[in-house]
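What follows is a short report on a single structure.
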Amino acid sequence: VLPRLESLAWLKPNDPKTLRKLADHYRWFGKTEPLAKTLLHLVRVADAPDERSEVVDILLANRRYDELITFFLEEVKAKPDQVEPRLALYEAYLRSGRIELALEQLRQVMLLDPKSLEHLQEYGEQLVKLGRIDEALKAFEARLSTDPTNPELRKELVGLYEEWAQQLRAQGKLDELLRLFRKR
């Protein structure tokens, strides 16, 4: 069956149904490389969210970050208002150590999906890891100004204030610590 499906895919390279069947067979036979190529092509020619997630997982698991970045940069250019390609770029940039590029993708995701607390939490977590708690606080405060009664946002903000206070205390920056408590 597989050789015939490959021939059919060669004859009809942009047929999503054929590409899905071919991907299924590659998956069943454990052929990761042709599966990844087929899924990348399928995502390019059809709206295939499940296959997009699968190919992202395959490329990330195999540390093929540059390939993932190249592919999804093209997709972001073609469809700038979609969140999923930007999240894939975020993961690839993050895992390849390109933190600022990863944060930029996450900022774009937050603009595209402003109600998602999950993306804001991830953004804040990455900034805290970098020691940039003040930036994380600003992001949460800006979000809280648009949704002041959200208890989850308040809880996250309190946690950030506590984290920053602990760091300031450990560094002996008591004046800054007092300003932080007054602000809080």
Show the nearest heavy-atom pair for residues [X] and [Y], with the distance to one decimal.
| X | Y | value |
| --- | --- | --- |
| V56 | A88 | CG2-CB, 3.7 Å |
| E176 | L168 | OE1-CD2, 3.5 Å |
| A48 | L42 | CB-CG, 4.2 Å |
| E100 | R107 | O-NH2, 4.3 Å |
| F140 | G124 | CE1-CA, 4.1 Å |
| A9 | L22 | CB-CD2, 3.7 Å |

Quick check: are there more than 12 heavy atoms from other residues, nucleotides or ligands sitting under 6.0 Å from [atom1] of [X]?
| X | atom1 | value |
| --- | --- | --- |
| E125 | CD | yes |
| R95 | CZ | yes |
| E118 | CD | no |
| K79 | NZ | yes |
| R132 | CZ | yes |

Can you find a pair of side-chain heavy atoms, one from L8 and one from K21, that are under 4.5 Å apart?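 Sidechains of K21 and L8: no contact.
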
Given side chain to side chain donor-acceptor pair (under 3.5 Å), test E162 with Q166 step by step and report yes or no. CA-CA 6 Å; E162 289 174 5; Q166 288 175 7; 5.6 Å; no

Any sub-3.5 Å donor-acceptor pair from [X]'s side-chain atoms to [Y]'s backbone N or O?
| X | Y | answer |
| --- | --- | --- |
| N62 | I58 | yes |
| S116 | D113 | no |
| R52 | D47 | no |
| R182 | L177 | no |
| R86 | E104 | no |
| H41 | P13 | yes |

L68 and its side-chain contact (heavy atoms from CB on, under 4.5 Å) partner, picked from L73, V55, L59: L59

Positive for side-chain contact (heavy atoms from CB on, under 4.5 Å) with L106, one of L120, L127, L87: L87

Could you check Y26 against E6 for side chain to side chain donor-acceptor pair (under 3.5 Å), going step by step and ending with a plain yes or no? CA-CA 10 Å; Y26 285 143; E6 289 172 333; 2.6 Å; yes

Between the side chains of R27 and E54, is the shortest nitrogen-to-carboxylate-oxygen separation below 4.0 Å, so that they form an ion pair? yes

Do NZ/NE/NH1/NH2 and the carboxylate oxygens of K138 and E141 come within less than 4.0 Å? no

I would like to know whether K12 and L19 meet side chain to side chain contact (heavy atoms under 4.5 Å, CB included); could you show each step before the answer? CA-CA 9 Å; K12 298 170 81 177; L19 291 171; over 6 Å; no

